[in-house]
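Note that this is a predicted model, so its numbers are computed, not measured. Numbered from 1 within each chain, the chains take letters A, B, ... in sequence-line order.
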There are 2 protein chains.
Amino acid sequence: MASMDPMTSTATQAPRSGPVTRKDVARYAGVSTAVVSYVVNGGPKRVAPATEAKVQDAIRVLGYRPNAAARALKLGSSETLGLIIPDITNPFFSLFAHAVEDAAAALGYALVLSNSDGNVARERNNVRNLAARQVDGVLLASVLFEPDLASLETADIPSVLLNQERDAPGFNSIGVDLAAGARMAVEHLIGHGHTNIGLAMGTNVSGSKDGREQGWRDALRDAGLREGPITYSEFDRSGGYVAGQRLLASVNRPTAIFASSDMQAIGILRAVREAGLDVPGDIALACFDGSVESEYSWPPLTTVVQPVTAMAEAAVASLVGAGRGEPPRHRLFATELKVRQSCGCP
Amino acid sequence: MASMDPMTSTATQAPRSGPVTRKDVARYAGVSTAVVSYVVNGGPKRVAPATEAKVQDAIRVLGYRPNAAARALKLGSSETLGLIIPDITNPFFSLFAHAVEDAAAALGYALVLSNSDGNVARERNNVRNLAARQVDGVLLASVLFEPDLASLETADIPSVLLNQERDAPGFNSIGVDLAAGARMAVEHLIGHGHTNIGLAMGTNVSGSKDGREQGWRDALRDAGLREGPITYSEFDRSGGYVAGQRLLASVNRPTAIFASSDMQAIGILRAVREAGLDVPGDIALACFDGSVESEYSWPPLTTVVQPVTAMAEAAVASLVGAGRGEPPRHRLFATELKVRQSCGCP
DNA sequence: GCCTGGTATCAACTCGAGTAGATCACTCGG
DNA sequence: CCGAGTGATCTACTCGAGTTGATACCAGGC
């Protein structure tokens, strides 16, 4: 019956078959297809008010929507952006994705999402796929610290590298000052009187060094402290869980831990509890990212928050907004320490 | 040298400007454009092996990628699906989005993501937008219990309604048996000896009844118990927080609470702790969704898990997979109670 | 009455790829 | 030695919208 209704309405006024095209509108309004175009997009030529009204009417009656594919073909732009991230399930990335979607939508762009699941091959595949789809730009949060520039280069699509610490010549890139952020957090821990501070570091497939590790080192060195134990594991909750277990089992068990992501901290929290210990009483904790989850854990996590919205807006703008024409550059954003209770503050 | 090769080939023969088209490939390989098409997609006609090799060569050398816009225009299909959800930041939806992306990618479809942010107008706008972009189907998790069918109908795009409890005639829809799931959880709480069980119910803009509320009622009735206090608030963490505060302040404070989402339970956990009480000691807790976060909270949440992957696959398949041609129908999935510790189990 | 200048509109071409129908080159049987 | 038959390939049209370079129309000035 729902399959009946469209039929009857078809009989009375609407398209006999398939979608309504510009031609149908033109015929209905008694004008040429060019005029319809002019009306639809305030076209390059003026249209008499009376004619415009007729056309608008026809559009409404027939329910015409311009075919985006045809438009994209002619204009060479799909008004679409691609976002490639390791995993949308990670709260940090989902927050980021939301911000990117907002920024893109504000400029009339749609967002194609793809997850690389920490897999380089899949990441590369996604880039090619997006390239073939004529996206107007891609935002890439690579699973590699040093992204697969070659595939982006040959695809020669405007792009921004996300979560990028260093400058990547010839590319737009965006990132936060990891070292400075980590340093802030570790210094805060030191301020609480801790002298043995461990590090739970996340790993990437490339395995190259991360600024957070450096920031932790720098803070300890400047305070004249010895480096506490380090573990390397996945950036996610389960990675944090094993990091926590290892850190607690280390010969010189730390009294405080800095984790390279909120998710790791969540995992550590669990390991600490299972060991019958208390945060922050036995182990103080600080971490990195500033996702919503950090606020609702117990205890609420002291974390280095990344300016996600600003970064997303800057990334989108560098592709299709104000910054489009500008030469590629690296944008470094400052982080902010959000002090809650996992560090020992009341 | 990988970055060199394209360069040198550029100098000798490759595109002087802009993207490589089928025509360029044809010229380079010394064949007609039709043959290139045949090769690219195992075309409707056979090509001699030798010719095929030449063409493949040309494609590789020139770095040709077929223009998806042109393809979409000709074929009337963009090989793209649209997903509209309230908020990707909600772990349940991000899990779902990931599963949908996987299922779509497996079939060669890309996924356009849009958030409606609980706003009906934005939701409707997103539908129109996706329709104009010639997506081959849209998956809609409406902010309304009863989605805005009219806008989908006039857009007449294949679609699936997600999180849909009831049958929506003429539409594909997918959902879990909310009432049965809720009932399981509440019965489990009853099994722990609780006789005063409260309900933290999430609200939608439409405000119509939800099966979870019914399941809670049914379980209590069948056990001969009186209904505990109810609160209505947002489905998210902050909604749960206020629900928790209200429930704790109610005249007959419950000893157990069933929350309509994991996120609400997380918020309740916080409210309970701030009141100096313990979960599950003072207040037992069970909830609904089965997101990852429920596993890593403290205590781990006993929750009704939705078969997200299966649902995502079914949704995608009904649009572009095996189920494409079939008449629209409602698919109800069973839930499973994941017992952890917030209910009082060891 | 005729020309000028402007305005409103239109016909026709384009974007890049898919494909039906025509064309060409061969081989083989008679 | 020729026609039929089989492959391989090409020509040309199509999808729907944007846009340029005509064209039609009208008012006003001489």
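- When all heavy atoms of B:I88 and B:A97 are compared, the closest pair comes out as CD1-CB, 3.6 Å.
- Rounded to an integer number of Å, the gap from A:N67 CG to C:dC15 P is 18 Å.
- Atom CZ of B:R133 is separated from atom P of D:dG16 by 19 Å (rounded to the nearest Å).
- Between the side chain of B:R133 and the main chain of A:S78, a donor-acceptor pair closer than 3.5 Å is present.
- Using a 4.0 Å cut-off between charged nitrogen and carboxylate oxygen, A:R27 and A:D24 count as a salt-bridge pair.
- A close approach under 4.0 Å does not occur between any side-chain nitrogen or oxygen of B:S32 and OP1 or OP2 of D:dT11.
- In this structure the side chain of B:I174 never reaches within 4.5 angstrom of the side chain of B:N172, judged on heavy atoms.
- Distances shown here put a side-chain N or O of A:T51 below 4.0 Å from the OP1 or OP2 atom of C:dT9.
- Under 4.0 angstrom from either OP1 or OP2 of C:dG18 there lies at least one side-chain N or O belonging to B:N41.
- Side-chain N/O atoms of B:R65 and base N/O atoms of C:dG16 include no donor-acceptor pair closer than 3.5 Å.
- Nearest to the side chain of B:Y64, among D:dC15, C:dA17, D:dT19, sits C:dA17.
- Within the 4.0 angstrom heavy-atom criterion, only backbone atoms of the sugar-phosphate kind lie near A:T21; the bases stay farther away.
- With hydrogens and angles left out, the side chain of A:Y38 and the base of D:dT20 share a donor-acceptor pair within 3.5 Å.
- Per the geometry, NZ belonging to B:K23 stands 11 Å off P belonging to C:dA17, to the nearest Å.
- At a threshold of 4.0 angstrom between heavy atoms, the contacts of A:V36 with the nucleic acid are absent.
- The shortest distance between the side-chain N/O atoms of A:T33 and the OP1/OP2 oxygens of D:dA17 is not below 4.0 Å.
- Comparing B:K74 and B:V31 against DNA chain D, the residue whose closest nucleotide sits nearer the 5' end is B:V31.
- Shown here for B:N163 and B:A141, the closest heavy-atom pair between the two residues is ND2-CB, 4.3 Å.
- Annotation: of the two residues near DNA chain D, A:V40 and A:K45, the 5′-most nearest-nucleotide partner is A:V40.
- The pair B:R331-B:E313 does not meet the salt-bridge criterion, since no charged nitrogen lies less than 4.0 angstrom from a carboxylate oxygen.
- Under 3.5 Å, the side chain of A:R22 and the base of D:dG18 form at least one donor-acceptor pair of N or O atoms.
- At whole-Å resolution of the value, CD in A:E52 and P in C:dT9 are 10 Å apart.
- For the pair B:R27 CZ and C:dA17 P, the interatomic distance rounds to 13 Å; values are reported in whole Å.
- Base engagement by B:A34 is indicated by at least one non-hydrogen atom pair under 4.0 Å involving a base atom.
- At least one side-chain nitrogen or oxygen of B:R71 sits closer than 4.0 Å to the OP1 or OP2 atom of C:dG18.
- Separating the CG atom of A:L75 from the C1' atom of D:dA17 is a distance of 8 Å, rounded to the nearest angstrom.
- Relative to the side chain of A:L73, the nucleotides D:dT9, C:dG16, C:dT19 differ in distance, and C:dG16 lies closest.
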